[in-house]
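First up is the structure itself, then whatever we jot down about it.
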Amino acid sequence: MTLLSTYFLPTEREPPADAEAISHKLMVRAGLVRQVGSGLWSWLPAGWRVHQRIVEIVREEMNAIGGQEMLMPVLHPAEPWRRSGRYSIEELFKLKDRRGADMVLAMTHEEIVTGHVATAIQSYRDLPLILYHFQVKERDEARPRAGVLRTREFVMKDSYSFDRDRAGLDASYERHRAAYDRMFDRCGLEWYRVEADVGMMGGVGAHEYMAPCAAGENDVVLAAGYAANIEVASADPQPVALPAGLPAPESVHTPGMRTVEAVTRELGVPAGALLKAFPIIVEGGEMKLVMVRGDHRVNEIKLGNALGEGFRAALPDDVAERLGPPGFIGPVGAQMPILLDQGVAPGAYITGANQSDSHLRGVEPGRDFEYEAVDVRSVLEGDTVAGATVRIEAAIEVGNIFKLGTRYSEALDASYLDESGVSHPIWMGSYGFGPARVAAAAVEQYADEKGISWPRTIAPFDVELVTLGKPGTEERALSDRLNEELQAAGLEMLYDERDIGPGEKFAEAELLGCPLRVTVGRRTLGAGEIEVQVRRGREGRSVPIDGASEAIAELWRGLP
RNA sequence: CGGGGAGUGGCGCAGUCUGGUAGCGCACCCGGCUGGGGGCCGGGCGGUCGCAGGUUCAAAUCCUGUCUCCCCGACCA
C-alpha cells in the first residue's frame, strides 16, 4: 500500500512545451518519467511500477516456453563485434577503456550470447536452448523522439534460441510467436503481428509486433488475412484507365514539365497513365532504371531486397550523362537494365523521352523496351490483397521475432556435433520486446482528455482510493478501513490521503489512470454506498458499504 | 546528416526588434477561509536570463563563438 502524501509522484498541470506525442505529454505530466537528456529518461516510482509489471508478464511467458533467464553486460570488448561485422554500425556507441582498448556499448546481445554458447555447447544433446535477459540497450540514435517511444537507452527483453537445424529454429520461433501473442494480449494492447523486413543482416524470416497509435513511426498494411510492415508489403494496385494504344511511341512536346503532376495536368491524363523513372547506381557502379506507375512510389527497402545488393539514387549529373535530361528520362532506348514494377499492367503509357521538353506516348512495356519484372512499389490505401481492400495504419513497433539462421553462429564459431560426429553451425533466432514502448503504446491507445487509462494488468496501482475526510472524521475512518480491506483482498492500493481539495485529487487520479478510483467522503456515509469510478470510460458505479472490498475486487477483475 | 525552432525561478510564458539593472500565471512556504471536480483571501521564499568572450557608462536585449533541447525529413542490423 502506498500513501500518496509521501509518494514521489511529481505531477504537472502543463505538458512539456516541446512535447508532441500524447504518451510523451501524459507520462511526464503524470509523474511517471523525467527526461535526463535527448533520448535519455529516468523512470520515477510509479512509471517504474508499470515497467516492472510488463517485465513480469514477459518473464512469465518466457519461462513458460522454457526460456532461461540470465544477465549479460552492457559494456563489451569490441572484438566480437568486429568478428560479427557489426562494429561499423553507426548507431553503435564506441569508447575506449583506460588502457586504450576499444569497447562498445551493447545495442543487442547476439555476439555475447553466441560466444557463450560457442564455448559451452558442443553436442546436439545440448540443443535446443532458449536464453534471455532483461538488459539495457544503448543506441546512438540519429534522432530520439516522442518521449520514451524512441530513446538512446532502454531496457529490452532479448531472447536467443539455439537449434540444430532449420526445423528446430522454426519450432523455437513458433514458441516465441505464441508467447509473444500472449504477452501483448496480457498487457492489454491492441496489436498486430506483421511480416517484416529481415534487414541488411540477412536472416530467413521475421515478424514485428505493432501497436497501432498516432505517434507510431511505422506504417502497417492490413487487410483481411494480411498484415505486413509497409517496408515489405505487397498488394495489387487499383486499376487505372489507360489511353488507347498506338502502333509505335509518339513524341509529345512537354516544355518544362519535369514532374508527374505537371504532365498529368497539362496532358489531361491520370497520373497512373504515366511511368515514372527512378535511376539508381548499384554497388558495382552500374546504372539501372527502375520504373513504377506515375501514381506509385518506389519503396527503397523493397527495391534493396529485390536487387539483393546496396544501391543509391543516381545524381542528376549521372543521369544527364548516362541517360537524358532529369525530368524527361524514360526507358525507351535506355542503354541499361530496366526494372519494371509488377504493378504496371500491360498497356500504353506516357514516359520521358530522354530529350529535353519531350515525352513519349503509347509506350508499351515489352514491345518498346525490355525489362525485368520486380515488386518494388509502396502499397497504397485502397490496394487489394486477394481481393480484400487494404488499409494503412500508423503503429509503434513493440516487439520483433527474427530467424537469424547461422549468420552469427558461423561468424562466432558456434557449432555442435551431430550423432555421427559431424560439425554443424547452430541455427539461431533472436526475439526482442520493449517494455517501455509497451507502456507508451498503452498510454497512446487508451488516453482520453483527462489523462491515462491503463489496462488493468500494467497499471501502476490497481485502485486509487481518494478520501475526502480529514483525519479524525468518521469518513476518514471508513476510508482507512476500506484501504486495509482492499489491500487484504489482493489489490495494489494507492491511497490519496493528502489534505488538498477534492477537485485536485480527482484530476490527478484520472491523470495517473489507475483502472479504478474509489471515493470516500461525507456523502458516502449518507448514501451508505461507496462510489467507484471505472477509469476507462469514466463510468461511475456504486457498491454497498457492506462487503465493499470484495465487490470492488470483483469489479476490478472484470476490467480490461 | 539536411531543414526549422527554442534555452529567462520547479512548470508554462512575457520582456529581446527599439540596451537603462527582471515580470506574469501555476507550483512552493506561512496564516486564515473552504471542503465532491485543479477553490478563495492575505503575506512570503525563489532567477549570475544555457555557457564563454566582445561592444558599451550600462547587456536578458547588440556582436562572435560554443553547448543543450525540440519538431519535420533522411537514417534506424
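Convention: sequence-line order gives letters A, B, ...; per-chain numbering from 1.
- In this structure, A:Phe461 has its ring center at least 6.0 angstrom away from the ring center of A:Tyr495.
- Distance noted for atom P between B:C51 and B:U68: 15 Å (whole Å).
- Atom-to-atom, CZ of A:Arg498 to P of B:U34 comes out at 22 Å; the value is rounded to the nearest Å.
- Among the protein residues, A:Pro10 comes within range of no part of the nucleic acid, since none of its heavy atoms lies under 4.0 Å from any strand.
- With distances taken from any side-chain atom of A:Lys450 to the nucleotides B:G37, B:G36, B:C71, the minimum falls on B:G37.
- For B:G54 and B:G15, the P atoms lie 29 Å apart once the distance is rounded to whole Å.
- Listed nucleotides B:G38, B:G37, B:C75 differ in distance to A:Arg538; the shortest reach to its side chain belongs to B:G37.
- Among the atoms of the strands shown, none is found under 4.0 Å from any heavy atom of A:Arg34.
- One interatomic measurement links the two molecules: CZ of A:Phe506 to P of B:G39, which rounds to 14 Å at whole-angstrom precision.
- Among the atoms of the strands shown, base atoms are found under 4.0 Å from some heavy atom of A:Ile500.
- The side chain of A:Arg522 contributes no N or O atom lying less than 4.0 Å from OP1 or OP2 of B:G36.
- If you measure from atom CD of A:Glu508 to atom C1' of B:C26, you get 13 Å, rounded to the nearest angstrom.
- As judged by a 4.0 angstrom heavy-atom cut-off over every strand, A:Arg139 is placed among residues making no nucleic acid contact.
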Test side chain to side chain donor-acceptor pair (under 3.5 Å) applied to A:Glu508 and A:Thr11, step by step: CA-CA 8 Å; A:Glu508 288 200 1; A:Thr11 57; 3.0 Å; yes
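- In terms of position on RNA chain B, the residue among A:Glu141 and A:Pro144 whose nearest nucleotide sits closer to the 5' end is A:Pro144.
- Set against B:C26, B:C11, B:A77, the side chain of A:Ile89 has B:A77 as its closest nucleotide.
- Applying the 6.0 Å contact sphere to CD of A:Glu474 captures no more than 12 heavy atoms from other residues, nucleotides or ligands.
- Across every strand in view, B:G47 sits unpaired, with no contact that passes the Watson-Crick or G-U test at under 3.5 angstrom.
- No side-chain donor-acceptor contact under 3.5 Å links A:Thr519 and A:Glu531.
- Separating the P atom of B:C67 from that of B:A52 is a span of 15 Å, rounded to the nearest Å.
- Between the C1' atom of B:A74 and the CZ atom of A:Arg297 lies a distance of 12 Å, rounded to the nearest Å.
- Minimum atom distance to the side chain of A:Arg523 is reached by B:G36, of the listed B:C11, B:G36, B:C13.
- Looking only at side-chain heavy atoms (C-beta outward), A:Leu149 and A:His24 stay at 4.5 Å or farther from each other.
- Base pairing of B:G73: its partner is B:C1, meeting the Watson-Crick or G-U wobble criterion (both donor-acceptor distances under 3.5 Å).
- In the set B:G37, B:C75, B:C70, B:C70 carries the atom at the smallest distance from any side-chain atom of A:Asp18.
- Here the nucleotide nearest the side chain of A:Gln35, chosen from B:C70, B:G36, B:C71, is B:C70.
- Candidate nucleotides B:G10, B:G36, B:C72 were compared by shortest atom distance to the side chain of A:Thr524, and B:G36 ranks first.
- Distances from the side chain of A:Ser38 to the nucleotides B:C70, B:C11, B:G37 place B:C70 closest.
- B:C75 and B:U55: their C1' atoms are spaced 43 Å apart (whole Å).
- Taking the centre of each ring, A:Phe184 and A:Tyr192 stay at or above the 6.0 Å mark.
- In this structure B:A52 sits in a base pair with B:U64, meeting the Watson-Crick or G-U test at under 3.5 Å.
- Within 4.0 Å of A:Ala146, counting heavy atoms only, lie sugar-phosphate atoms of the nucleic acid but no base atom.
- Nucleotides B:C45 and B:G23 have their P atoms positioned 12 Å apart, rounded to a whole Å.
- For A:Asn299 and B:C75, the CG to P distance is 10 Å, given to the nearest whole Å.
- Among the protein residues, A:Thr108 comes within range of no part of the nucleic acid, since none of its heavy atoms lies under 4.0 Å from any strand.
- Here the side chain of A:Arg152 is nearest to one of B:C69, B:C71, B:G37, namely B:C69.
- What separates CG of A:Asp499 from P of B:C28 is a distance of 12 Å, to the nearest Å.
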Stepwise ring-ring contact (aromatic ring centres under 6.0 Å, His included) test for A:Tyr431 and A:Tyr209: CA-CA 11 Å; A:Tyr431 314 88; A:Tyr209 285 80; over 10 Å; no
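- A:Ala17 comes within 4.0 angstrom of the backbone, heavy atoms only, and of no base.
- Put simply, A:Arg143 has a side-chain N or O that comes within less than 4.0 Å of OP1 or OP2 on B:C72.
- With 3.5 Å as the limit, one finds no donor-acceptor pair spanning the side chains of A:Ser38 and A:Arg145.
- We find that CD of A:Glu504 is positioned 10 Å from C1' of B:G39, with the value rounded to whole Å.
- Phosphate contact (OP1/OP2 of B:G37, side-chain N/O of A:Gln533, threshold under 4.0 Å): absent.
- One donor-acceptor pair, N or O on each side, does fall under 3.5 Å between the base of B:G38 and the side chain of A:Arg29.
- For the P atoms, the distance linking B:G7 with B:C49 amounts to 14 Å, nearest Å.
- For A:Glu531, whose side chain is taken as the heavy atoms from C-beta onward, the closest listed nucleotide among B:G12, B:C75, B:G36 is B:G36.
- Taking atom P on both B:C63 and B:G5, the two are 15 Å apart, rounded to the nearest angstrom.
- Atom CD in A:Glu510 sits roughly 12 Å away from atom C1' in B:G36 (whole-Å rounding).
- The partner of B:C33 is B:G39, by the rule that a Watson-Crick or G-U pair needs both atom distances under 3.5 Å.
- Base-pair partner of B:C26: B:G10 (Watson-Crick or G-U wobble, both distances under 3.5 Å).
- Using a 4.0 Å heavy-atom distance criterion, A:Lys470 is classed as a base contact.
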Residue pair A:Glu208, A:Asn229: steps toward the side chain to side chain donor-acceptor pair (under 3.5 Å) verdict: CA-CA 8 Å; A:Glu208 289 164 341; A:Asn229 191 313; 2.7 Å; yes
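- Judged by Watson-Crick or G-U wobble contacts below 3.5 Å, the nucleotide B:G19 has no partner.
- B:C57 sits 39 Å from B:G43 when the C1' atoms are compared, rounded to a whole Å.
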